[in-house]
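Keep in mind the model is a prediction, meaning the values are calculated, not measured.
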Amino acid sequence: MSTATRTAPARTDRPAPGAAPVAVRHVLSRIGRYVFLCAVLGFFALPLLWLATAPFDETPTITASLPRFTLDNFRALLDNPYALSSLLNSVYLAAGTAVLVVTFAALAAYALSRVRVPGRDALLYGLLLLSSIVTGTATMVPLFELAFRLNLIDSRLGVILILSGGLLPAAIFILKDFMDATPTSYEESARVFGASPLQIMRHIVVPVVRPGLATVGVWAVANVWGNFLVPFLLLRGPEKAPAAVIMYTLYTEGGQADLRLLSTFSLLYSLPVALMFVFVSSRYGFRFHGGIKR
Amino acid sequence: MAPVTSPPDQAVKGRRRATGAAPDAAGLGRARATGFLVPGMVLILLFLVVPAAWTIYLGVTNYRLTGLAAANPEVVGLDNYTRALTDERFRSSLVLTLQFVLGSAVIGQAGLGFAIAYALRDRRGPLRRLVEGFVLLSWILPSSVVAFLWIALLDRDGGTLNALLGIPGTAWLLDHPMLSIIVFNTWRGTAFSMMLYAAALENVPRSHLETARLAGAGTWQQLRDVVFPRIRGHVLTNLLLISLWTFNDFAPFLITAGGPEQRSEILPVYVYKVALSGGELGFGAAISFVMLLINLVIALVYLRMLGRRKETA
Amino acid sequence: MSAITMRELTKVYPNGVRALDALDLEIADGEFFALLGPSGCGKTTLLRTIAGLETASGGRVHIGERDVTALPPGRRDVAMVFQDYALFPHMTVQDNIAYPLRIKKVDRRARADKAAETADELGLGALLQRRPGQLSGGQQQRVALARAMACHPQVFLLDEPLSNLDARLRLEARTFLKRLQRELGVTTVFVTHDQAEALALADRIAVMEGGRIRQVGTPTEVFRRPANTFVAGFIGSTPMNLVDAEVRDGELVVAGTRLPVPEGVQVTDGEKLTYGVRPEYLDHTAEPASGGLRGRVVVVENLGSFSLVSLDLQPADAPAGDTPGTSLQVVVPEGREPAPGDTGWVVPRPGRSLLYRDGELVTPEATPAVPAARTAAGAEQ
Amino acid sequence: MSAITMRELTKVYPNGVRALDALDLEIADGEFFALLGPSGCGKTTLLRTIAGLETASGGRVHIGERDVTALPPGRRDVAMVFQDYALFPHMTVQDNIAYPLRIKKVDRRARADKAAETADELGLGALLQRRPGQLSGGQQQRVALARAMACHPQVFLLDEPLSNLDARLRLEARTFLKRLQRELGVTTVFVTHDQAEALALADRIAVMEGGRIRQVGTPTEVFRRPANTFVAGFIGSTPMNLVDAEVRDGELVVAGTRLPVPEGVQVTDGEKLTYGVRPEYLDHTAEPASGGLRGRVVVVENLGSFSLVSLDLQPADAPAGDTPGTSLQVVVPEGREPAPGDTGWVVPRPGRSLLYRDGELVTPEATPAVPAARTAAGAEQ
Amino acid sequence: ATACGDSSEPAGKDAKNITLTIAANSIVGGKNSAGAEWIEKWVIPRFVEAQKAKGVTAKVTFVPSGVDDEQYKTKIALDLRSKGGADVIALDGIWVGEFVQAGYLKPLSDVAGGEVDSWEGWSQIPETVQGLGSFEGKRYGIPLGTDGRVLYYNKKLFAQAGLPAEWQPTSWQEILDAGAKLKTLPGVTPIQINAGTAMGEATTMQGALPLLAGAGGEIYADGKWAGATQPVKDMLDFYAKVYGGGLGDPKLQQEAKGRDKSFAEFAAGKIGILAEGDYFWRSVVNPTSGIAKMADRDTTVGYALIPAKQPGAGIRGQDFVSMSGGGVRVLNPHSKFPSQAWELLSFMHSAEGVKAELAGEKRITARTDVNKEVLAGDPMLSFITEKVLPVTAYRPPLAVYPQVSVALQEATAAAASGTSADQAAAAYQKKVEGIVGGPGNVTS
Ligand SMILES: Nc1ncnc2c1ncn2[C@@H]1O[C@H](COP(=O)(O)OP(=O)(O)OP(=O)(O)O)[C@@H](O)[C@H]1O
Ligand SMILES: Nc1ncnc2c1ncn2[C@@H]1O[C@H](COP(=O)(O)OP(=O)(O)OP(=O)(O)O)[C@@H](O)[C@H]1O
Ligand SMILES: [Mg+2]
Ligand SMILES: [Mg+2]
């Protein structure tokens, strides 16, 4: 082995060559980062401004402005016989769907992650593609007829099942990444102690991937919460209608928005999901894994 | 314990047995695994595959919701498809949709999401929580509410944006309808990309970035040489999902209703108009199926570009 | 507590890797048994096959009287400590320790008591309510042990239990582990790729290579009489010097120097053998010594109270500079270290040299006891 | 190649951890310098501050003549090898090695040539087209070194470069590294928490604790005369025995036994000191010996050609069983090991005992050279 | 509902236990709240009571909705298609034809028997209005009421522009002339005539079709759809003149909420002339309950008939034209209790019922007797009934109409944004041919 001939880099003996500009650049990049983050904050907060002011304004207009403060709008909304109950209906549908989606997706994702199924990625992606058709308008007749044949018209269960079917592929897709990222030594360790697969699932896997379950749960809830078409087509009376459907009724005969009710209802309609998100993210963490492996 | 400069699976002497390597750690066995799969798959089969197949069938009929064709739908073969492909409106709608996907998903959501995740990568504390909170809020709020917020923001006369910028009368939704819904959808969906990339960036070992820095690499070079190759899989997942979702996103309808003059009529809106307003369910179903095929093509393009580069690591 | 017997044990992974190759091994009841070998030799696979985490492709495993080959891991009555400890991150130390009991449906109170008791034994009493993430590496290792102990298994299986600890902690944990196993007396199989760990801890050691066992024996046997050049190169904190030798006129010629053939070895003239001697059993002098090998000092590494000197051998009859590339390592006591570049002579201590024919040991065992008193490490010439 | 000088270097992390505490250190040009210390003592932080990956909270760093405190890492002309090697998995070995040159905008041909040349020097010539995932740990380490060498930095910084290798490879890599540094002569700072590594490799060692330097010296100095009990406990493959001692009638009383006070130490009667002696500098006999400490053998660990014996001391004048809990470790040559449970006597070798007052060494340096020839490890009584 | 009747009970005329369901796109607290209240608080209790008097236990439920018409239509269509849904269903009159074609509806007398034809109400409903619920000469439903379109104008602005306070243009040119004068006022949009697709059906009803009628054209006549006919070109030309000549605000036509905004602007005195239905008077600028209240509505807002292009150039040779629409209530052909459902339906449309439905509000109902009584004091609505309804026209109730309507809207959008009338008409013709199945079904 020989010592390589080496061209010694020109050595400068200035005390700190380029130190000042570098420091400046460093500061500039820091400032740049803050400016960027503030711009992002502004961009994401600005549209929400209206939601924060209009409900408290006596005469809400389309412009977000300092409100002439009043709570009358809330009182007016309370007079609407369906407003509050529709929120409860939404909770019912969202919770039902989320539980179903999270449970079934967790089981399926776990099985897919741990047992080699040939062509599972293709299968998952195929289902994902199909799920995108099913959320489209063109499927409403098949969905309706299906529900009719299964006697699921005017049944919340029907809505929950149909929504779950649509959400499951993506949920499995997301959860599988979480499962893949979980070290198997936890499970093996439990297995040596004699735990059955279901026990392992319950005691180890579920708690370990809880942030993933929480994420998928929130995602499912948000999806159901905003879904109009399926509950509208399948449910009959407004007693069962979720907030997404009732939101559409807050228009006048000619289709004009009643801004007072609409803004107030929008706020009430948004609050549960926002609160749920805050709760879930502080309690279970809210994050993603991901990346298609191999 | 020593602060790990790289995630465990990176270490040469693997500390954690990573994924997939040892399948079936819990001793599921095929039978039980099948049992785990069944409930989900039954639901999917019944409420996803069946209606989807049905829809595909409708695509070859002239079925309508009302009128004579509702009473006696006829199989018309590929007529709907030839009609769609020769339809000027379909084609322009397709072009708009591709613009929409490219602009709001690939550039907007993925780009902004990555930028936010990158800017927040080593930051903890209130600023991060605040930014993430707002970004996520835009993601989970119901679309009907969100649409309203954006109409309020962009309105020509009373819009908050014009009021802030001091340019009343700028008709964003009319003069720049595509831009508006692209920005809107970026706002709406960035959260997903941000979270995915935040997770991805945690997988980029600090030592790799620092090696590049020591070699004198700037931010851009670090991104190109270290970060991107490392998060390729995440980029793929992200692009696949958000492109698919954006391609099928109906929310812009609530803001521009496809207008003015169909200048923001992306395919889901087109399908809505064809199927619901026009009642032509057969034709609408055919377009839906064409959309699925286009999604498939997009997915394959992504997979080709980003996936399948094996690293025997 | 039980013996473990493996017969013709074979494991072929689905990708075709033959990780265990018709392996026979018996581990006695109560023994502290080490599996040693380079990375990828199948140590973990063997351990996992005993535990039942891998199903054997062939052969049988017995624990005590029971043939457990077909039993699932939960019913083999073994406990395993993983290299990463696999402590459940969402459970407290107490719940972690009590987990096996929970699976065995022991009621909550009894579980807590047992966990507290086990934790106390291992000095974890104060940590019961912490989570694994809040523990140091050494503490985590002890929790993993406590969890394994809690259900009184017949067999402990430890997969590199020390390798995640830093150098200093590892020494402490080693002593602790040895003490603990003494007290419990449970049959323990532990995997390591660190020969010093294996020597220090084990009652017996199996050295593996490529899915096969190359030698089984007590630490002393394995250290003093490695059965083949593979084991010879692997065991010892500095590996054994293994040098080509040729038999000429009934004497060994090693790097141009004539050495006597060890007692009891039958050699034929012209035969090529491998001559092995541990650096600890070589003495280094600065003056020419009879029966010594001449070399130039290349590297001197300080090992504390002595140094490891590497020499490139220069045959006495060859001109300097024409080194055929043979080098030797010698342990030199402190204060005696040569400087790099010096020339020195290396003299093997009598009765300590081993001869290998085709890689297998041919030197027969000498008189049972240690050859002579006062023949300690690198102290005498 | 340049010296590195640190003055009052302080690093406080945003979370308030003071990882470096007004640290002064000079590393000479061309020196192979080790930073040693327990986990969390600030070794990595110091290295990273030299590299510029962390900005100092106070103090200055000079490399050669240049004050680099405010320079970004890319302009300090240093190269760093990380513990995980940080090889880019998507690049071939060649591209990895050439990466710093690519950033420096060297053209493609020149880069390839340089990479091939460097790879050849490190024996990686055949691996140029492989990816890191297809290399063994040792090869990966060498690729990382090659990458660091490729752009001829003034300083090499190595953060635990060996700790990811398995025990056997580590030894080889150690020797390789030492040889390489000798040849290149580049100032090298390397971090380890393994004292054996530091002793074997370094020209000088700094032992750190809690962000401060506790001792700087050559391996021999640090090993033989640890400046304080912290270093004493840290250095040595078996840590030094540190026992409470009291001065009575001008003599030391250690666990009930009287020992002479080392030469040149001023003591006052009744004073409490710490008596330190390395296990290597103690001799063990089965028969009572004058000036010996009596104890019961608890654990015997095989260390290859000798064993480490731990004894619980039983003062001669105290009834057996009334052990105050003091224990000693002794290195015993092979063939002389006692069995656990035996009673034995431990005799310190003259001139090797150290006294610490309030944790600081008080024993003055003895006659410069080694006290006497033939005083090697645990061989004599 | 039909699907959930107690099957052990005898179905049919003599049933003692009946369940009936009413569906309408109205909901308490939301869309058309008053209508929903009427059904819940008036119709159902009274009907149940009346049945009780006859010894029948009736359970009547109301299934409200409050969504876009298209969504409501879809839902009802799906219900009827699966032979489910409510017994009495409110529909837009224009849907009747397509529902009949799809086999979702049957003539009332087929469903409920001979009693239908002998209902007293028919005599109170003018033939033209009955047409709303009829298809191919058969009665499928009872109309709820109707409306008419006029030109509203702001008298204050007219005064400022030097135009007469009582204004009745007799040709399109007069409208344009008035617009030209209004244009001199700063910040005032002279004319708002809905155009483009953003306003949807409002463009067709308030703009394209009245103008078409004024030019003497009908969108569907003798089994053929109007293509690029001269009247269509004239209509588009008028749009081009208004929006190309700076008399209208083309941007407003494109905004998703453009119609709401036009209301607000009119109420704020920023629009001179606005074509709208009577709904605008009743519900938009209503000083008490409107969504864009105008306290001085009665003095400031004037209304005039929509003139034909030139006097006598309108359809049927009229001088003035208008368009009308209106809702109907139909019977579900799969009702379990068809005759009771008819009883309920006719009860809802009795004079008493219709009056109760109005609940003090003034609106044009289908029944002449009620109109006479209610509208007596309202000059505007009387104007509609007396002057507008006689000259009005209705849209063709066919399944493809919505698509043709969209094509019309697109044509107006093109004309409003500068495409020449001929070009816009040609493009429209092509589209219509595609929609209705070839040139054979289109006149040009
Ligand atoms: N799940 C698996 N699938 C396929 N091959 C495997 C699997 N696990 C291990 N192997 C292969 O089997 C051989 C033995 O692996 P094993 O893990 O038992 O080695 P080891 O001795 O424990 O090594 P180390 O010291 O690196 O842990 C290796 O060649 C390895 O690549
Ligand atoms: N980025 C950081 N932010 C906050 N504290 C840190 C950070 N990095 C290190 N520390 C803290 O600074 C101290 C010194 O850490 P450092 O990594 O330098 O230790 P080390 O000697 O290298 O330890 P090890 O042997 O475990 O690598 C530790 O207490 C550590 O927790
Ligand atoms: Mg292993
Ligand atoms: Mg460190």
Portion of Trp150(B) that has a non-hydrogen atom of chain A nearer than 4.5 angstrom: side chain

Portion of Ala286(B) that has a non-hydrogen atom of chain A nearer than 4.5 angstrom: neither

Among Ile287(B), Leu65(B), Leu244(B), residue most engaged with chain A (heavy-atom pairs, under 4.5 Å): Leu244(B)

For Ile44(B) against Gly165(A), the heavy-atom pair lying closest together: CG1-O, 4.2 Å

Contact class of Leu293(B) relative to chain A, heavy atoms under 4.5 angstrom: neither

Structural part of Val183(B) lying under 4.5 Å from a heavy atom of chain A: both

Heavy-atom contact with chain B under 4.5 Å, split by part of Val273(A): both

Contact origin within Ala251(B) toward chain A - heavy atom pairs under 4.5 Å: neither

Heavy-atom pair count under 4.5 Å with chain A, highest-scoring of Pro268(B), Pro51(B), Gly35(B), Ala33(B): Pro51(B)

Top of Gln199(A), Met201(A), Glu145(A) for chain B proximity - count of heavy-atom pairs under 4.5 angstrom: Glu145(A)

Point-to-point distance, once rounded to the nearest 0.5 Å, from OG of Ser270(A) to CG of Leu137(B): 7.5 Å

Side chains of Leu303(B) and Tyr125(A) in contact at under 4.5 Å (non-hydrogen atoms): no

Contact class of Met276(A) relative to chain B, heavy atoms under 4.5 angstrom: neither

Toward chain B, the part of Ala243(A) with a non-hydrogen atom under 4.5 Å: neither

Side-chain touch Phe43(A)/Val135(B), heavy atoms, less than 4.5 angstrom: no

Spacing of CZ belonging to Phe44(A) relative to CD belonging to Glu132(B), to within rounding of 0.5 Å: 11.5 Å

Non-hydrogen side-chain atoms of Tyr34(A) and Leu127(B) separated by less than 4.5 Å: yes

Worked check of side-chain contact (heavy atoms from CB on, under 4.5 Å) between Leu100(A) and Leu43(B): CA-CA 10 Å; Leu100(A) 217 58; Leu43(B) 256 191; 3.9 Å; yes

Validation row: Tyr63(B), Val141(A) side chains within 4.5 angstrom (heavy atoms): yes

Nearest non-hydrogen partners of Arg33(A) and Tyr118(B), listed with the distance: NH1-O, 4.4 Å

Top of Phe250(B), Phe289(B), Trp245(B), Tyr57(B) for chain A proximity - count of heavy-atom pairs under 4.5 angstrom: Trp245(B)

Chain A contacts, top residue of Leu130(B), Leu45(B), Leu154(B) (heavy-atom pairs, under 4.5 Å): Leu130(B)

Closest-packed option against chain A by number of heavy-atom pairs under 4.5 Å, given Gly284(B), Ala119(B), Ser288(B), Ala275(B): Ala119(B)

From CG (Leu37(A)) to CZ (Arg128(B)), nearest 0.5 Å: 10.5 Å

Leu127(A) vs Val49(B) side-chain heavy atoms within contact, under 4.5 Å: yes

Side chain to side chain contact (heavy atoms under 4.5 Å, CB included) partner of Thr139(A), the single match among Leu58(B), Thr55(B), Leu281(B): Thr55(B)

Proximity breakdown for Leu271(A) and chain B, heavy-atom pairs closer than 4.5 Å: neither

Phe104(A) vs Met41(B) side-chain heavy atoms within contact, under 4.5 Å: no

Distance in Å, Leu49(A) CG paired with Leu149(B) CG, rounded so as to fall on 0.5 Å steps: 10.0 Å

Full working for side-chain contact (heavy atoms from CB on, under 4.5 Å) between Met140(A) and Leu276(B): CA-CA 9 Å; Met140(A) 63 190 179; Leu276(B) 206 113; 3.5 Å; yes

CG-OG distance between Asn227(A) and Ser143(B), expressed to the nearest 0.5 angstrom: 8.5 Å

Pairs of heavy atoms under 4.5 Å with chain A: top-ranked of Val38(B), Asn238(B), Leu141(B): Leu141(B)

Check: Tyr269(A) and Ser144(B) side chains under 4.5 Å, non-hydrogen atoms: yes

Between Trp50(A) and Phe148(B), ring centroids under 6.0 Å: yes

Beyond-backbone contact of Phe47(B) with Ser164(A), side-chain heavy atoms, under 4.5 angstrom: no

CA sep, side-chain torsions, deciding dist, call: Val145(B), Leu267(A), side-chain contact (heavy atoms from CB on, under 4.5 Å): CA-CA 8 Å; Val145(B) 172; Leu267(A) 185 64; over 6 Å; no

Portion of Thr190(B) that has a non-hydrogen atom of chain A nearer than 4.5 angstrom: side chain

Contacting moiety of Ala45(A), where chain B heavy atoms sit under 4.5 Å: both

From Asn295(B) atom CG to Leu129(A) atom CG, the distance as rounded to the nearest 0.5 Å: 6.0 Å

Side chain, backbone, both or neither of Ala274(A) within contact of chain B (heavy atoms, under 4.5 Å): both

Under 4.5 Å from a heavy atom of chain B, the part of Leu161(A) involved: both

side-chain contact (heavy atoms from CB on, under 4.5 Å) between Ile116(B) and Phe36(A), worked out: CA-CA 8 Å; Ile116(B) 297 174; Phe36(A) 170 71; 4.2 Å; yes

Leu167(A) versus chain B, the contacting section by heavy-atom distance below 4.5 Å: neither

Which of Ala171(A), Ala244(A), Pro169(A) touches chain B most, by non-hydrogen pairs under 4.5 Å: Pro169(A)

